[in-house]
Amino acid sequence: MAYKKVLTIQDISCVGQCSLTVALPILSACGHETCILPSAVLSTHTGGFSGFTFRDLTDDMPAIVEHWKKEKISFDAIYTGYLGSIKQVGIVKDILNTMGKEKCVKVVDPAFADHGKLYSIFDMDYVNAMKTLCPCCDILVPNLSEACFLSGVEYKEDYDEQYILQILIRLSALGCKTILMTGISFNKEKTGILLYDNGKIQRYEHEKMPKGAHGTGDIYASAFVGALLRGKKPLKAGSIAADFTVQCIKNTQGDKKHWYGAKFETALPTLMQLLDK
Ligand code: PXL
């Protein structure tokens, strides 16, 4: 198996099982060297905790990247998630454009909204800045809320295929080459992922969980990148990531004290099995 070097850029939420505390172990478990560039350090994530601390690391980034350039460090894949500021989006754009090896796989998870609402620190200026990353990545991995904010289509919970197609066409117009949407459901029983590539749509349906868990977008995107770098095709990598995420939610359900994240660690053996299939 090829040994890949991946850079992931997202925050460190010290407590809360999201962003880097999820991406690093999942990508490592998939067998990849995982380098990190923290976008911010927070005491906890922002979804349900109050009074969290937030240290924006935007100003540290240029010197870190300069050092890497001097050391001739480059990456087989770059995967970005929750970022700390609008200024940082510009720095990340430069990283996507300059720090990849030839054939570097670039995955952008917009990571700024859920359930039709922006996460607490973000506003429409941030959404507009994120649009500028769309042409710089190979695969955009938005949930429905992020896809709506980026495309300017109103968020709905009840929708049909035409509605999703309209979103995909508008996202493509922003310069997205391939789009992998998660949590797309056209009926009550099932949900699934949808891969849009050059006007072609492929889908994978899976079990719909009655209740999600915080951080599952990061779990999904990390497992997707991990599987992709193991040589899986995008739809297969997406289906592995989806099945793993469902298992993470199942392993967390029923534990009321664990409201802030998913116990993804307990499902890593499932991920290993899915990768070997
Ligand atoms: O899981 C996305 C995420 C990442 N990082 C921080 C967050 C959130 C979602 O709320 O608050 C800090």
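All values below were derived from every heavy atom in this structure, side-chain atoms included, with hydrogens, water molecules and symmetry-related copies excluded. The residues of the chain are indexed from 1 along the displayed sequence. Start at 1 and go down the list; that is how both ligands and their atoms are numbered.
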Within the 4.0 Å heavy-atom cut-off, what Gln10 brings close to ligand 1 is neither
Pairs of nitrogen or oxygen atoms closer than 3.5 Å, one from His45 and one from ligand 1: do any exist?
no
Would you call Arg230 and Asp276 a salt bridge, taking side-chain N to carboxylate O under 4.0 Å as the test?
yes
Salt-bridge present (Lys263, Asp255; N to O < 4.0 Å):
yes
Any nitrogen or oxygen of Thr44 lying under 3.5 Å from a nitrogen or oxygen in ligand 1? Just yes or no.
no
Atom 12 (C) of ligand 1 [closest protein heavy-atom partner, distance rounded to 0.1 Å]
Ser13 OG, 3.3 Å
Identified side chain to side chain contact (heavy atoms under 4.5 Å, CB included) partner of Val108 from the options Val141, Thr80, Ile9:
Thr80
Using a strict cut-off of 4.0 Å, indicate which atoms of ligand 1 neighbour a heavy atom of Cys18.
1 (O), 4 (C), 5 (N)
Between Tyr82 and Phe122, how do the two ring planes meet: parallel, tilted or perpendicular, split at 30° and 60°?
tilted
Does an N or O from Asp11, backbone or side chain, lie closer than 3.5 Å to an N or O of ligand 1?
yes
Do we see a donor-acceptor contact under 3.5 Å between the side chains of Tyr159 and Glu161?
no
Would you please classify the geometry between the His45 ring and the Trp259 ring as parallel, tilted or perpendicular, with 30° and 60° separating the classes?
perpendicular
As an exercise, identify every atom of ligand 1 less than 4.0 angstrom from a heavy atom of Ser19.
4 (C), 5 (N)
List every atom of ligand 1 that sits less than 4.0 Å from any heavy atom of Leu42, numbering the atoms from 1 in the order shown and giving each element.
12 (C)
Atoms of ligand 1, numbered as shown, that sit under 4.0 Å from any heavy atom of Thr46:
7 (C), 10 (O), 11 (O)
Between Gln247 and Asp243, do the side chains contain an N or O donor and an N or O acceptor separated by less than 3.5 Å?
no
Closest approach of any protein heavy atom to atom 2 (C) of ligand 1, naming residue and atom
Asp218 OD2, 3.4 Å
Looking at Tyr260, is its backbone amide N or carbonyl O close enough to the side chain of Gln17 to form a donor-acceptor pair, meaning the two atoms are under 3.5 Å apart?
no
Could you identify the single nearest non-hydrogen protein atom to atom 3 (C) of ligand 1 and state the distance to 0.1 Å?
Tyr82 CD1, 3.6 Å
